[in-house]
Amino acid sequence: MNQIQYAIETHGLVKNYAKVEALRGIDLNVRCGEMFALLGPNGAGKTTLFSILATLRKPSAGSAQVLGHDVVRERALVRRRMGIVFQEPALEQKLSVRDNLLLMGLFYGLKLKAARERTAAIMENLGLTEIARRPANKLSGGQKRRLELARSMVPNPDILFLDEATLGLDVDARRSFWAQVRQFVRSGRSVFFTTHYMEEADVADRIALIDKGRIIALDTPRELKQRIGGGVIVLATENDAQALAWLADNGYQPEKSERGILLVSKEPASIIPALLTAMPVKVLRAEVHEPSLEDVFLTLTGKTLDGGENLVAKPAFAIGAAP
């Protein structure tokens with residue numbers, strides 16, 4: 001097999017649905033052995049890009065390669081080397097854990113003996129042996145997702161595609177799922193996943209933020225957070241509308257989110273005393289936090305990851321403290 005530098009390469013990738021531009025020229029490289037996250041709100045283009053890379057849809061323009069193979073012209077070659085977990089479960093509900101995996105092995109052309117050996121190895125690796133005989137419809141949400149992950153690993157893939165794979169799981173189940181995915185990456189293989197959970201994207205080596213069909217930022221989680229400054233002030237007031245207007249009029253650049261009024265500053269603690277004294281409305285709460293990926297997305301786009309619009313427009317990555 002030829003040595004390749006990138007697990008995924010796209011150039012000018014466009015996808016149109018009638019008058020809707022779902023993707024607007026995506027240029028993207030995902031390195032081999034990398035855990036890569038695509039983070040954005042619903043409707044941003046995450047699932048469309050995912051579907052093209054996983055050979056489920058064709059692009060309207062541009063090109064995409066997975067493991068050196070064109071996703072349109074060499075679709076069969078891509079599929080042989082990938083595993084996939086969808087948002088919606090794709091399990092055979094009446095079959096046991098073992099039989100779900102055994103059936104998948106036979107689908108991929110393994111002989112019965114080889115399929116049984118592969119099934120046993122995967123169950124052992126993912127901690128499914130104790131529930132091997134349990135029907136899929138009797139599993140918990142976390143167990144079902146582990147089984148979905150196990151099914152995706154039956155063909156011994158070189159890359160995993162995960163589309164909102166932990167949607168609906170509790171925190172502990174998500175943590176367990178991602179620990180198993182990280183183990184897959186440590187073997188030198190690649191993972192491309194979509195999510196709108198901020199804390200989930202933090203497990204990635206690099207993150208691409210997508211909005212309205214465009215990649216608006218791409219870097220490591222740490223570097224993305226460092227772009228917006230030293231910290232974020234979160235304010236709750238008796239009259240947020242009046243507070244927002246006053247802050248904007250006095251040279252600050254506030255954001256409104258579900259958490260309250262946000263101000264980005266290089267030295268947030270140093271401006272709070274003067275801010276609390278000068279504001280014309282009573283401040284009920286003032287907190288300082290390290291920047292999050294939510295803050296990065298809000299600063300770049302003026303809206304939250306859940307799609308809520310910001311009430312005060314501002315330039316990207318401006319510092320929130322007045323001179």
Side-chain angles (χ1 to χ4, degrees), residues 24 37-46 171 194-202 204 206-323:
R24 306 182 182 189
L38 186 65
L39 179 65
N42 292 332
K46 297 193 308 293
V171 174
T194 71
T195 185
H196 64 269
Y197 291 129
M198 292 179 295
E199 71 278 9
E200 200 160 85
D202 261 318
R206 287 192 302 153
I207 300 169
L209 300 180
I210 187 169
D211 186 49
K212 296 180 180 178
R214 300 184 191 276
I215 301 296
I216 59 173
L218 195 163
D219 216 323
T220 66
R222 181 179 179 181
E223 290 298 322
L224 284 173
K225 294 172 189 177
Q226 286 182 344
R227 291 190 192 188
I228 69 170
V232 178
I233 300 169
V234 182
L235 301 174
T237 75
E238 285 189 336
N239 189 326
D240 282 356
Q242 185 180 349
L244 282 165
W246 183 87
L247 288 165
D249 289 343
N250 284 271
Y252 296 91
Q253 293 163 333
E255 305 278 6
K256 178 65 174 147
S257 81
E258 291 181 350
R259 290 178 289 165
I261 298 172
L262 307 184
L263 295 172
V264 178
S265 173
K266 288 184 177 179
E267 298 180 353
S270 66
I271 71 169
I272 287 180
L275 193 64
L276 298 184
T277 301
M279 286 186 68
V281 298
K282 184 177 180 180
V283 177
L284 304 176
R285 187 182 74 254
E287 301 172 350
V288 176
H289 299 283
E290 291 184 356
S292 69
L293 292 172
E294 176 85 33
D295 298 323
V296 175
F297 193 84
L298 182 62
T299 305
L300 279 170
T301 67
K303 61 186 177 183
T304 60
L305 281 166
D306 62 10
E309 293 294 331
N310 176 35
L311 302 180
V312 181
K314 68 181 286 297
F317 293 133
I319 301 304

Provide the closest heavy-atom pair for [X] versus [Y] in the form atom of the first, atom of the second, distance.
{"X": "Leu276", "Y": "Ala286", "value": "CD2-CB, 4.3 Å"}
{"X": "Val296", "Y": "Lys225", "value": "CG2-CA, 3.8 Å"}
{"X": "Pro254", "Y": "Leu263", "value": "CA-CD2, 3.6 Å"}
{"X": "Ala278", "Y": "Trp246", "value": "O-CZ2, 3.6 Å"}
{"X": "Pro291", "Y": "Val232", "value": "CA-CG2, 4.0 Å"}
{"X": "Pro41", "Y": "Phe297", "value": "CD-CZ, 3.3 Å"}

Check your understanding: Donor-acceptor pair, Arg214 side chain versus Arg24 backbone, under 3.5 Å?
Key ->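 Yes.
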Point to revise | Any donor-acceptor pair under 3.5 Å from Lys46 side chain to Gly40 backbone | key: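 Yes, because the side chain of Lys46 sits within donor-acceptor range (under 3.5 Å) of the backbone of Gly40.
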Check your understanding: Under 6.0 Å from the CD atom of Glu290, do we count more than 12 heavy atoms belonging to anything else shown?
Key ->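 Counting other residues, nucleotides and ligands, CD of Glu290 stays at 12 neighbours or fewer.
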What is the distance from atom [atom1] of [X] to atom [atom2] of [Y], rounded to the nearest 0.5 Å?
{"X": "Thr194", "Y": "Glu200", "atom1": "OG1", "atom2": "CD", "answer": "9.0 Å"}
{"X": "Asp240", "Y": "Leu235", "atom1": "CG", "atom2": "CG", "answer": "8.5 Å"}
{"X": "Met279", "Y": "Asn239", "atom1": "CE", "atom2": "CG", "answer": "9.5 Å"}
{"X": "Ile216", "Y": "Leu300", "atom1": "CD1", "atom2": "CG", "answer": "4.5 Å"}
{"X": "Leu244", "Y": "Ile261", "atom1": "CG", "atom2": "CD1", "answer": "4.0 Å"}
{"X": "Gln253", "Y": "Leu262", "atom1": "CD", "atom2": "CG", "answer": "13.0 Å"}

**Study point:** Passing option when Leu209 is tested against Leu38, Ile215, Leu39 for side chain to side chain contact (heavy atoms under 4.5 Å, CB included)
**Key:**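 The passing option is Leu39.
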Check your understanding: Knowing that exactly one of His289, Arg259, Arg227 qualifies, which makes a side-chain hydrogen bond (donor to acceptor under 3.5 Å, both in side chains) with Asp295?
Key ->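 Running side-chain hydrogen bond (donor to acceptor under 3.5 Å, both in side chains) over His289, Arg259, Arg227 with Asp295 returns exactly one hit, Arg259.
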Run the side-chain donor-acceptor check on residues 267-275: report pairs under 3.5 Å with partners two or more places apart or on a different chain.
{"from": "Ser270", "atom 1": "OG", "to": "Glu267", "atom 2": "O", "distance (Å)": "2.7"}

